[in-house]
Undergrad: 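Below you'll find the structure I mean.
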Amino acid sequence: MRDTEIKRLLTANVICIFSVVVTTTVPSLFLKNFSILDTHLTWLCICSASVGVINIILHMIFKPYLSTRRYSLAHKVARFIRCCVYYFISCILFHGIIVLYGAPLIESVLETFLFAVLLSTFTTLPCLCLLGPNIQIWLRVFSKNGAMSIWDNNLQITTICSVVGAWLGAFPIPLDWDRPWQVWPISCSLGATFGYVAGLLIASLWIYWNRKQLTYKSR
Amino acid sequence: MDQITLKWPRSSPRWMKCSGDHGMTGTGDHGGDSEEELDAALFVYSKAPLFQDLPPEEPETVPQVNLVPTLALLLGVPVPYSNIGEVMADLFGSEGDAASSLHAQLAAYNINARQVNRFLHSYAEAAQDLPAEKLQHLQRLFRTIAEEHERLSAQAASPVLPQMEALRNRFQQYLREARAVCAESWARFHPGCMVAGCALLTSSCLLCYVASKVASRMDFSCRHFFLYPLLWGGVGVALLGLAHFCRGARADFIVLSAWGAAASQLGFFWHCWTTRPPTSHAAALCPPFEGLSLKLRLWAGPGAELPLGILLLRCSAMLSDSFVVAEGRVLPFLLVSLVLLEALRLQWKGRLDGSLLCWQLLATVGAVVVCARLSGLFQKCREETPACQSSPILGPLSSVQDPRAKNLYYGLCLVVLASVAWGTRRWLRHYGNLNSPCALVLFVRWGFPLLALGIAGYWAITSGAEEALIKLHAWVQLALEVFPRGIFSLVMAGLLLVFWKPVTVFVEGSQAPPIVSPSSEALIPQLYRRMQESLKSRLEETEDGSRAAVAAYGLGSVYSAALLISLTLLGFLLMTLHAERLSLAFLLLFVEAFALLWMHTCARALSSSAHTDPFVVPWEALVAWALAAGQFFYATGHQPVFPAIHWNAAFVGFQQGHATNLLPALLVGANTFASQILLAAGCPLLLLWPFVCETSTARGRRPKTRVQDREEHMMEMRLREAPERFSAALLQLGLKYLLILGLQLLASVLAAMILRRHLMVWKVFAPKFLFEAVGFVVSCLFLLLGLGLVMRVDCAVSKWFKQVILAQSR
């Protein structure tokens with residue numbers, strides 16, 4: 001049982017990494033003049049969309065927390081709408097936090113917002129898929145002894161790594177190297193993406209190595 | 001290059017010059033001192049032939065300073081006064097024969113040599129660092145060359161080519177020797193002294209750390225840790241002085257004091273080593289988690305590593321010129337990161353449980369973050385960032401043309417003044433420090449509004465339109481002197497009053513025990529248990545039934561009240577020295593400091609467990625405090641470069657100028673280091689605030705943990721219950737803050753030392769080092785003053801207790 005669970009998680013992580021790699025390479029085959037640096041906003045949209053879609057599909061396929069209860073359609077729709085609202089709120093919140101960190105307030109609003117969308121896709125969307133629109137559970141998972149399954153651990157590590165990557169991505173901005181990737185928000189979004197991929201890798205390895213010790217209470 | 005020259009029109013320029021200010025390595029790096037980085041290409045195009053015969057195989061290398069006189073003379077402008085370069089002879093050849101081109105070259109050399117001679121002469125009069133005999137030699141050389149040139153130009157009709165070439169060579173020789181003499185004297189570094197200074201600074205930081213560890217031990221002895229090391233230092237100085245005296249050399253003051261400092265530090269470390277307790281030594285060496293495995297430690301969540309990591313980032317940012325230039329944005333970034341990390345850490349530990357206290361914490365975090373972002377509105381730009389636009393708020397209000405905008409800004413400034421004065425009063429009233437009829441309270445009641453009014457009046461005059469006031473010129477001049485001087489003297493009087501009688505406690509004696517109710521809004525009566533006990537012991541003979549008791553209003557916040565009053569006074573003083581609209585930045589500073597204090601209090605109450613010592617201020621609070629001090633240096637319109645100093649501050653209240661240098665230096669210094677002054681002096685509040693806010697935080701947590709008994713509300717009097725721990729805590733706080741400041745200073749020193757050959761050393765690193773060093777001294781001074789004020793209050797409170805007890809026993 002446990003081994004199959006771990007295998008499913010590793011597969012999901014590999015597919016996520018693969019989807020990020022694909023978004024950076026494949027669009028240049030279809031779109032003219034596509035490159036991550038020059039048409040960064042397009043890439044941001046494509047990356048957020050594909051990672052989001054892949055996450056949702058994976059969640060539907062693997063169903064980490066299989067609930068035995070059957071919900072009515074209305075309940076499902078309400079849940080979906082709440083998820084959308086939460087996602088939108090998280091975009092706005094990330095936008096606000098980024099501006100408070102020192103991003104320009106008025107100029108390049110679109111860039112900042114798309115960066116916030118990317119960050120939300122890397123962090124909030126997996127939370128919504130896995131834990132549902134319930135803040136209490138989120139707060140529980142993101143505390144010291146809150147992880148109750150390998151999926152929770154995976155979520156913790158990838159989320160933290162994405163945010164830390166975005167934070168580290170801000171460091172090269174003041175340098176006087178005059179490189180195209182130092183323009184706002186390219187370094188930060190690249191940092192977040194690298195952080196996300198690194199988080200997926202680290203989580204996979206960590207869970208694989210600690211598979212003996214990871215004994216969870218049943219939910 | 002070829003493409004560019006092809007694009008030239010027919011009437012191409014007579015000459016063109018293309019050069020780089022520095023070279024670069026194969027990877028594009030620059031700023032170091034390797035050969036490739038120091039050498040730059042120089043391309044010269046000229047219609048006139050540059051070389052008489054075939055160009056040389058290996059082009060000669062020209063010192064970069066030679067560009068200045070060459071370009072100046074080619075453009076037909078005077079050679080700059082302080083030039084020590086030499087004209088490039090090849091560029092001065094004319095199209096005619098060799099003789100006429102030699103003539104032109106000699107004329108250029110002549111001008112150049114005269115200018116260098118004049119510069120050397122006037123420089124030698126002002127400074128003594130050029131060796132006298134070399135100067136005399138140069139002077140003689142110049143005189144003979146000048147005479148020979150005059151002689152040759154007099155017989156211009158029959159020029160003798162060999163003579164002229166010899167003269168040109170001698171001109172070259174003179175100019176090169178002059179440059180060599182100057183370079184030898186100017187580009188002098190003493191690597192030995194630099195390394196020794198860095199080592200001394202590092203060991204001082206280490207001393208602060210060790211002493212802050214030692215201070216919390218109970219067996220701290222002044223004799224071992226203070227007196228003996230001082231004696232060691234004295235002995236060291238005496239030995240070195242004696243050695244110098246025996247050799248008959250003059251002792252250098254700096255070397256002597258460094259020697260003394262090193263000796264006393266050695267003494268300190270020696271005494272620390274010998275007096276270390278045998279068992280706790282091992283425990284002190286290994287951190288508390290040493291027994292656990294690395295994984296468990298990681299799992300337990302980071303403790304002091306996070307703030308120290310942020311501090312390390314801040315220090316390493318000083319080693320890069322781009323980060324020093326952008327430091328005004330780096331510091332708020334780090335501060336916001338630190339504050340958010342603190343909140344996340346509490347969440348990770350599961351302490352954010354949705355109680356009132358946790359919402360308070362989140363609100364204060366939000367306040368700090370918003371203040372940090374808003375402080376970016378008040379930043380000045382450096383000239384290294386041409387794209388950046390300095391904030392228009394930094395200018396004086398009189399430069400605003402639109403009268404409505406001016407009135408709006410003036411109104412905002414008035415709001416700031418009123419809110420600072422009102423906020424302090426409101427705080428004092430809340431904690432019951434405004435009831436006593438003593439002089440200080442009177443000063444707060446009447447002096448604060450008066451100060452605010454005075455500053456408002458002063459700003460009204462400085463911001464007024466020139467035309468409207470031209471008729472009242474004499475009166476305006478008078479007011480411009482009287483208002484600031486009045487403010488200065490009022491502030492000084494207030495500060496003296498705080499130091500003279502800092503106790504703002506109102507006593508109400510009564511025979512029946514008063515009811516201590518923490519819920520009363522304005523007045524929180526404080527029962528002092530120890531006093532009661534001593535009263536009891538004294539009044540042993542009196543009947544048991546009626547206990548003598550006293551209600552003292554404002555005793556629980558007596559330390560903070562004195563500090564807060566003096567901080568507000570300092571704030572008013574510094575606001576007067578700044579441009580009117582920067583008072584908004586000062587309001588931000590006060591709000592942010594207040595939010596930081598509250599955050600620290602809430603975080604401490606939330607994370608409180610059995611083994612947290614209330615007398616230890618955690619690192620994150622201190623690092624955040626130091627980061628805020630750095631941040632508001634930039635947010636009050638300053639930059640660590642000399643052109644950005646607000647020189648106007650020297651003439652606030654002294655329109656006619658000064659007779660001495662001391663007063664304007666003090667005024668400009670206070671203006672420049674305003675944030676360091678305020679935050680360093682307010683540093684003891686970090687220790688006091690959790691005690692002051694004990695009631696409110698306890699109330700916030702009441703649903704969880706019931707307050708056992710009502711006599712728990714002792715606030716700052718808890719500090720007096722353990723006087724030796726209180727003084728140890730003050731010492732520890734001061735040492736920790738000093739350590740943080742010292743690490744920042746060390747980083748800037750290291751930057752200036754390691755990068756002394758860097759391209760930007762004189763524009764970025766050296767000024768940064770100077771500002772950081774002066775800021776460090778100012779911070780130390782005001783940190784000592786703040787701690788001294790707390791100790792003064794402590795003495796005054798002890799005296800006050802004696803009086804009360806005496807009055808009661810009668």
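Naming: A, B, ... by sequence-line order, numbering from 1 per chain. Only a predicted model underlies this, so the values are computations on that prediction, with no experimental measurement involved.
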Undergrad: So with a 6.0 Å cut-off around CG of B/D21, is the heavy-atom count from everything else above 12?
TA: yes

Undergrad: Can you find a pair of side-chain heavy atoms, one from B/V325 and one from A/P174, that are under 4.5 Å apart?
TA: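 They are not in side-chain contact.
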
Undergrad: Please determine whether the number of non-hydrogen atoms from other residues, nucleotides or ligands lying under 6.0 Å from atom CE of B/M24 exceeds 12.
TA: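 Not more than 12 within 6.0 Å, no.
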
Undergrad: For the CD1 atom of A/I173 and the OG atom of B/S322, what is their distance to the nearest 0.5 Å?
TA: 12.5 Å

Undergrad: Which atoms of A/W177 come close to chain B, meaning under 4.5 Å heavy atom to heavy atom: side chain ones, backbone ones, both, or neither?
TA: neither

Undergrad: Assess whether atom CZ of A/F194 is packed by more than 12 heavy atoms of other residues, nucleotides or ligands within 6.0 Å.
TA: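 No.
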
Undergrad: When you look at A/Y101 and B/V369, which way does the side-chain contact (heavy atoms from CB on, under 4.5 Å) test go after all the steps?
TA: CA-CA 8 Å; A/Y101 257 109; B/V369 170; over 6 Å; no

Undergrad: Only one of B/V370, B/L374, B/V336 forms a side chain to side chain contact (heavy atoms under 4.5 Å, CB included) with A/L100, so which one is it?
TA: B/V370

Undergrad: Using modelled atom types only, decide if a donor and an acceptor are shared between the side chain of B/R329 and the backbone of A/G102 within a distance under 3.5 Å.
TA: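 No, B/R329 side chain to A/G102 backbone: no donor-acceptor pair under 3.5 Å.
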
Undergrad: Determine whether B/L340 and A/W167 make a side-chain contact, defined as any pair of heavy atoms from C-beta on separated by less than 4.5 Å.
TA: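 No, every pair of side-chain atoms sits at 4.5 Å or beyond.
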
Undergrad: Parallel, tilted or perpendicular, judged at 30° and 60°: which one describes the rings of A/F171 and B/F333?
TA: perpendicular

Undergrad: Drop me the distance from A/D176's CG to B/T385's OG1, to the nearest 0.5 angstrom.
TA: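 If I round to the nearest 0.5 Å, the distance is 11.5 Å.
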
Undergrad: Looking only at heavy atoms, what is the nearest atom pair of B/Q347 and A/F142, with distance?
TA: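 Shortest heavy-atom contact: NE2-O, 3.0 Å.
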
